[in-house]
Amino acid sequence: MLTVSNVSKGYGGRTLFSDLSLQFNRQDRLGLVGPNGAGKSTLFKLILQQEEPDDGLVTFQRGTTVGFLPQESAPVGDQTVLEIATSQHAPGSEPEDDYHFYADGPAIAKAKRLLKGLAFRDTDFERPARELSGGWVMRAHLARLLVHEPDILMLDEPTNHLDLETLIWFQGYLKNYPGAILVISHDREFLNQLVTGIVEIRNERLYRYTGNYDAFLDEREAQQEQQLAAFKNQQREIGRLMDFVNRFRAKNTTATRAQAKLKQIDRMEKINAPEQAASTVDFAFPQPEKSGQRVITLKGMDFAYGQNVIYTGLEFEAQRGDRTVLVGPNGAGKSTLLKLLAGNLTPQAGVRDLGLRVKVGYFSQYRTEMLQAERTVLEEASDTPARVTELYIRSLLGCFLFRDDDVFKKVAVLSGGEKTRLALVKLLLDPPNLLLMDEPTTHLDIASIDALVAALSEFIGTLVFISHDVYFIRAIATRVLHISGGVLTPYAGDYDYYLEKTKASSARVALTAASNGSGLTNARPATTGPAASSKPVITTSSKERRQQAAEARKAMGFQKKHVATLEARIATLEAKQVQLTAEMEKPETYTKPGRSMEIQQQLRTVGHDLHKTSTDWEAAATKLSELEAASIE
């Protein structure tokens with residue numbers, strides 16, 4: 001469908017790539033990777049014919065349609081969410097008020113199904129898009145592309161604006177997409193699940209590999225090892241021949257043989273040393289002051305948003321050096337717990353106690369709003385209490401891809417990803433010893449994520465974070481805390497230990513699983529009653545005492561049945577949730593029209609019912625404990 005033939009492109013005397021060729025066929029699923037600035041976005045522009053190559057051709061099979069989702073959308077006008085999803089408009093390709101809409105019922109019905117899959121509610125369909133954040137507008141444009149179903153779907157960081165449950169749905173939907181897909185993504189797990197080939201732009205050349213992202217890394221490493229061995233062997237042979245030449249070229253009797261050796265070297269097809277795939281981060285990141293052993297404690301904490309109770313009697317403690325990832329279903333309270341730890345939310349009850357010399361830092365995507373738009377990148381990064389030189393600051397900025405004249409860009413013109421990277425630089429220049437991070441890898445490319453991993457691997461403080469990036473979690477987390485229905489279940493091991501204990505169906509599904517897995521101790525609180533309080537002694541007849549005892553036994557029996565019924569209901573709901581989540585992972589689910597939407601709706605309903613039933617169980621179990629304690633008295 002698409003052929004890129006011997007294409008070259010450069011800007012201002014700098015060559016991005018030369019003699020690049022690519023054949024793209026139907027059903028291809030390719031991930032485009034490469035270091036920042038290698039030319040990934042430029043190649044997209046050439047394919048979309050937004051720019052012309054310096055040399056070479058980009059050609060399409062007749063009638064081929066192409067759809068493109070950029071990283072960020074241009075501002076919208078008065079269009080509703082449904083109008084965007086049913087339009088044939090590409091963001092940024094024409095005036096924002098020039099939309100052409102599908103009028104037929106099937107397209108509108110399909111758009112509504114896709115919007116629901118992308119987590120829109122029915123009430124959002126007629127909502128003006130200008131009222132939504134940029135991330136939700138991008139979801140509407142994503143629905144538009146899926147409605148249109150172009151032959152080639154080109155996606156630039158499509159997972160940036162998706163929550164984890166929506167990402168799992170989207171990932172499953174794309175597995176059965178009828179056309180070809182070319183995607184740029186920093187999300188290794190997304191690439192592993194979706195693509196069947198990797199195209200890498202590196203050092204002005206293009207390299208194509210078969211398999212997913214992990215297979216690409218293995219194959220590239222094996223190729224480089226083979227090339228390095230061949231290079232060393234050839235260099236040894238050249239060295240041996242040159243020794244002969246140097247020893248005998250001055251002698252008349254052997255000069256001819258020495259000259260022949262030189263010609264032999266010239267005739268060799270030279271093997272180059274393997275090129276480095278990406279520069280490794282070699283930088284000493286600043287370190288915070290050492291805190292006390294106990295870093296932070298939450299005691300008996302209650303928190304609710306209005307009538308929506310999130311936590312009751314919450315208990316939490318972090319020790320120095322812990323690197324804890326919070327996992328659990330959407331809406332379980334992971335971000336709320338981070339905000340309670342940060343002191344950004346006021347609980348209705350309970351105590352937040354900081355340890356000795358603890359300095360708290362909270363990082364979320366919204367931290368970028370604190371940046372000063374009129375400053376340059378360098379000026380903003382230099383606004384730090386840390387005693388560091390400009391050279392040091394520029395070196396750290398370079399680790400996060402702000403190089404050369406990039407440091408003189410105004411903050412106002414930075415993309416969302418660039419603002420995120422700048423906010424991380426500011427945090428790392430003056431790091432707290434308790435670092436709380438909510439989705440820190442969103443908007444970062446693979447090289448920036450590696451830089452962040454390098455920084456946090458050296459970090460001597462305490463870290464509590466939320467992420468849907470499985471690679472990042474595996475690289476950083478040493479402990480896992482599962483949250484569901486207001487219950488915290490700790491796992492004293494890394495993410496692979498958590499997967500083993502919970503018997504999760506996949507590394508990504510485990511991040512949103514509501515159940516703490518089979519074979520584990522029940523996470524519900526023990527049904528121990530309150531301490532007996534002293535009560536006045538009331539004299540009763542033996543008949544009255546027998547009657548009271550019978551009534552108490554009857555009440556206790558009823559309460560036990562009620563608790564058992566609720567426990568059975570919880571077990572059924574948890575099993576249903578596991579079953580539905582597993583079905584979402586199956587490719588055949590997405591071959592049945594509307595089935596994935598139906599499953600997602602069922603998951604939301606089950607999650608709501610599970611939370612309510614768990615709350616009812618806790619109240620019933622507490623009452624049963626009180627009855628049992630009273631019977632002992």
Side-chain angles (χ1 to χ4, degrees), residues 2 4 7 9 11 16-17 20 22 24 28-51 58 65-76 84 89-94 118 133-146 148-162 166-167 170-171 173-174 177 179-195 197-202 206 213 216 365 401 413-421 439 441-449 468-469:
L2 166 66
V4 179
V7 164
K9 185 66 177 178
Y11 296 100
L16 277 180
F17 41 73
L20 184 151
L22 173 67
F24 197 50
D28 274 352
R29 303 280 196 272
L30 297 183
L32 180 61
V33 303
N36 188 268
K40 300 187 295 296
S41 296
T42 299
L43 180 58
F44 263 37
K45 290 177 182 177
L46 295 178
I47 293 173
L48 294 165
Q49 299 180 344
Q50 295 175 353
E51 293 189 11
V58 177
T65 56
V66 179
F68 172 54
L69 184 79
Q71 282 197 49
E72 298 188 25
S73 174
V76 294
I84 290 179
H89 167 84
S93 65
E94 56 189 58
L118 292 167
S133 68
W136 283 96
V137 172
M138 291 306 299
R139 292 191 191 203
H141 280 297
L142 183 54
R144 171 186 58 79
L145 286 178
L146 298 178
H148 186 54
E149 281 191 0
D151 298 320
I152 300 177
L153 187 60
M154 298 176 61
L155 306 171
D156 192 353
E157 296 291 357
T159 65
N160 275 354
H161 303 288
L162 303 181
T166 305
L167 172 55
F170 177 56
Q171 181 177 285
Y173 188 92
L174 288 184
Y177 184 77
I181 299 174
L182 182 61
V183 58
I184 299 172
S185 179
H186 71 275
D187 191 326
R188 290 164 168 86
E189 183 68 13
F190 180 71
L191 292 174
N192 279 334
Q193 292 294 325
L194 179 64
V195 305
I198 294 289
V199 177
E200 181 190 27
I201 300 177
R202 171 168 41 95
L206 185 142
Y213 189 80
F216 147 70
Q365 298 172 48
L401 311 179
V413 304
L414 298 181
S415 68
E418 288 172 325
K419 288 178 180 177
T420 298
R421 298 203 309 265
E439 297 289 358
T441 64
T442 299
H443 295 298
L444 298 185
D445 60 13
I446 290 176
S448 298
I449 292 173
H468 66 248
D469 188 324

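None of these values were measured; they are calculated from a predicted model.
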Applying side chain to side chain donor-acceptor pair (under 3.5 Å) to Tyr11 and not counting sequence neighbours gives Glu51
Item to check | Any Leu194 side-chain heavy atom under 4.5 Å of Tyr177 side chain | outcome: no
Would you sort out whether Leu2 and Val58 count as a side chain to side chain contact (heavy atoms under 4.5 Å, CB included), showing the intermediate values? CA-CA 7 Å; Leu2 166 66; Val58 177; 3.8 Å; yes
Requested in this report: For the pair Leu155 and Ser185, evaluate side chain to side chain contact (heavy atoms under 4.5 Å, CB included) and give the outcome as yes or no after the intermediate values.
Outcome: CA-CA 8 Å; Leu155 306 171; Ser185 179; over 6 Å; no
Quiz item: Any side-chain heavy atom of Leu118 sitting closer than 4.5 Å to one from Trp136?
Solution: no
Ring pair (Phe, Tyr, Trp, His ring centres under 6.0 Å) filter on Phe44, not counting sequence neighbours, yields Phe68
Contacts of Arg29 meeting side chain to side chain donor-acceptor pair (under 3.5 Å) (sequence neighbours excluded), chain-then-number -> none
Value for CG (Leu22) from CD1 (Ile47), rounded to nearest 0.5 Å, stands at 6.5 Å
request  = Check for a donor-acceptor pair, side chain of Glu149 on one end and backbone N or O of Gly179 on the other, with a separation under 3.5 Å.
outcome  = no
Rounded to the nearest 0.5 Å, the CG atom of Asp28 sits from the CG atom of Leu182 at a distance of 9.5 Å
CD of Glu189 to NE2 of His468, rounded to nearest 0.5 Å, is 10.5 Å
What one should report as the nearest heavy-atom pair of Pro150 and Leu145 is CD-O, 3.3 Å
Interatomic distance, CD@Glu439 vs OG1@Thr441, rounded to 0.5 Å, equals 6.0 Å
Considering only heavy atoms from C-beta outward, does the side chain of Val195 approach that of Ile181 to under 4.5 Å?
-> no
Task: Lys40 side chain to Leu32 backbone, donor-acceptor under 3.5 Å - done: no
Before you tell me yes or no, could you show the steps for Leu206 and Phe17 under side chain to side chain contact (heavy atoms under 4.5 Å, CB included), namely the whole-Å CA-CA distance, both residues' side-chain angles and the distance that decides it to 0.1 Å? CA-CA 8 Å; Leu206 185 142; Phe17 41 73; over 6 Å; no
Applying ring-ring contact (aromatic ring centres under 6.0 Å, His included), run through Tyr213 and Phe216 and close with a yes or a no. CA-CA 5 Å; Tyr213 189 80; Phe216 147 70; 5.3 Å; yes
Rounded to the nearest 0.5 angstrom, the CZ-CG distance for Phe24 and Leu30 is 5.0 Å
Taking every heavy atom of Ile184 against every heavy atom of Pro158, the minimum-distance pair comes out as O-CD, 3.6 Å
Output for pair (Tyr173 OH, Leu142 CG), nearest 0.5 Å, gives 10.0 Å
Q. Would Leu191 and Val183 count as a side chain to side chain contact (heavy atoms under 4.5 Å, CB included) if you check the C-alpha gap in whole Å, the side-chain angles of each, and the deciding distance to 0.1 Å?
A. CA-CA 9 Å; Leu191 292 174; Val183 58; 4.0 Å; yes
Scanning both residues in full, the closest heavy-atom pair of Leu162 with Arg139 reads CA-NH2, 3.6 Å
Scanning both residues in full, the closest heavy-atom pair of Lys419 with Leu414 reads CE-O, 3.6 Å
Do Leu43 and Leu20 make a side-chain contact, defined as non-hydrogen atoms from C-beta onward lying under 4.5 Å apart? yes
